[in-house]
Amino acid sequence: MADAKSAARGKRTTARGKKRVKRSIPLGQAHIQATFNNTIISFADNHGNVISASSAGACGFRGSKKGTAFAAQIATDKAAEIAKSQYGLTRVDVYVKGVGLGRDAAIRAIANHDMQIESINDVTGIPHGGVRAKRERRA
């Protein structure tokens, strides 16, 4: 009831929260998922907690243009700028998944952003066993 009265008089009550502390993350991970239709880039700390992410679609590319190498470069620039300016990320381990055109372009864009690449790992899934073979039905 008291809050309603103070709101009616024009007084505002503000909740005070903890001030967010900027973490310094000098070494992290860059995950690149390059499909034929899109390229998704995310920067994470060494525990896997994502600190910045971007994709070709989020940068304004639509349709078949999302799968291009240029779109991957722009998306990587956007995510790398946030990771470097807000968290001080300077060295990364790169993990690449997929077979799209954005694989090499994204790695090159990270290197052009003055980030030292410690290692490059290909973590593309490889099927083993596969699905059931298509055969003729038996009566």
Student: Please check this pair: side chain of Ser55 against backbone of Thr39, looking for a donor-acceptor N/O pair closer than 3.5 Å.
Tutor: no
Student: Could you tell me which residues satisfy ring-ring contact (aromatic ring centres under 6.0 Å, His included) with His31, sequence neighbours excluded, listed by chain and number?
Tutor: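 Expected list: Tyr95.
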Student: Check whether Ser52 reaches the backbone of Ile82 with its side chain - one donor and one acceptor, N or O, closer than 3.5 Å.
Tutor: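 The answer is no, because no donor-acceptor pair under 3.5 Å joins these two groups.
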Student: Scan residues 68-83 for pairs that pass side chain to side chain donor-acceptor pair (under 3.5 Å), counting only residues two or more places apart or in two chains.
Tutor: none
Student: Show the numbers, then the answer: is there a side chain to side chain contact (heavy atoms under 4.5 Å, CB included) between Ile117 and Ile107?
Tutor: CA-CA 9 Å; Ile117 296 174; Ile107 294 171; 3.9 Å; yes
Student: I'd like to check Val50 versus Phe43 (side-chain heavy atoms, cut-off strictly below 4.5 Å). Are they in contact?
Tutor: no
Student: Using every non-hydrogen atom in the two residues, find where Ala79 and Ala53 come nearest and quote the distance to one decimal.
Tutor: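 Minimum heavy-atom separation between Ala79 and Ala53: CB-C, 4.1 Å.
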Student: More than 12 heavy atoms of other residues, nucleotides or ligands under 6.0 Å from NZ of Lys84: is that the case?
Tutor: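 Correct, the count exceeds 12.
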Student: About how many Å separate CZ of Arg137 and NZ of Lys134, when rounded to the nearest 0.5 Å?
Tutor: 11.0 Å
Student: Rest of the hydrophobic cluster containing Val131 (Ile/Leu/Val/Met/Phe/Trp/Tyr, side-chain heavy atoms under 4.5 Å)?
Tutor: none
Student: Can you find a pair of side-chain heavy atoms, one from Arg103 and one from Asp122, that are under 4.5 Å apart?
Tutor: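 Sidechains of Asp122 and Arg103: in contact.
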Student: According to the salt bridge (Lys or Arg N to Asp or Glu O under 4.0 Å) rule, which pairs have a member within residues 39-66, sequence neighbours left out?
Tutor: Arg23-Asp45
Student: CZ of Arg91 to CD of Gln116: how many Å apart, nearest 0.5 Å?
Tutor: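 That separation rounds to 6.5 Å.
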Student: Closest approach of Lys97 and Val123, non-hydrogen atoms and distance?
Tutor: CE-O, 3.7 Å
Student: Identify the heavy atoms of Thr124 and Gly98 that sit nearest to each other, and give their distance.
Tutor: OG1-N, 3.1 Å
Student: In the hydrophobic cluster built from side-chain contacts under 4.5 Å, what are the other members alongside Leu27?
Tutor: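 Noted: Leu27 shares its cluster with no other residue.
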Student: Are Val94 and Asn121 packed together at the side-chain level, in the sense that at least one heavy-atom pair is separated by less than 4.5 angstrom?
Tutor: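 In short, these two side chains do not touch, never coming nearer than 4.5 Å.
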Student: Evaluate side-chain hydrogen bond (donor to acceptor under 3.5 Å, both in side chains) for Thr35 paired with Asn37, printing each intermediate quantity in order.
Tutor: CA-CA 5 Å; Thr35 65; Asn37 296 320; 5.4 Å; no
Student: With side chains defined as the heavy atoms from C-beta onward, is the minimum distance between Gln29 and Asn46 less than 4.5 Å?
Tutor: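 Yes; the side chains approach each other to less than 4.5 Å.
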Student: Please report the closest heavy-atom contact between Ala56 and Ala71, naming both atoms and the distance.
Tutor: CB-CB, 3.7 Å
Student: Taking transitive links into account, so neighbours of neighbours count too, which hydrophobic residues share a cluster with Phe70 at under 4.5 Å side-chain distance?
Tutor: Phe61, Ile74
Student: Considering only heavy atoms from C-beta outward, does the side chain of Ile51 approach that of Ile25 to under 4.5 Å?
Tutor: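 Yes; the side chains approach each other to less than 4.5 Å.
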Student: Can you name the closest pair of heavy atoms from Ser54 and Cys59 and give their distance?
Tutor: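 It is OG-SG, 3.5 Å.
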Student: I need the minimum non-hydrogen distance between Asn38 and Gly57, along with the two atoms involved.
Tutor: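 It is OD1-N, 3.5 Å.
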Student: I'd like to know if Leu101 and Ile40 are part of one continuous hydrophobic network [Ile/Leu/Val/Met/Phe/Trp/Tyr, side-chain heavy atoms within less than 4.5 Å].
Tutor: no
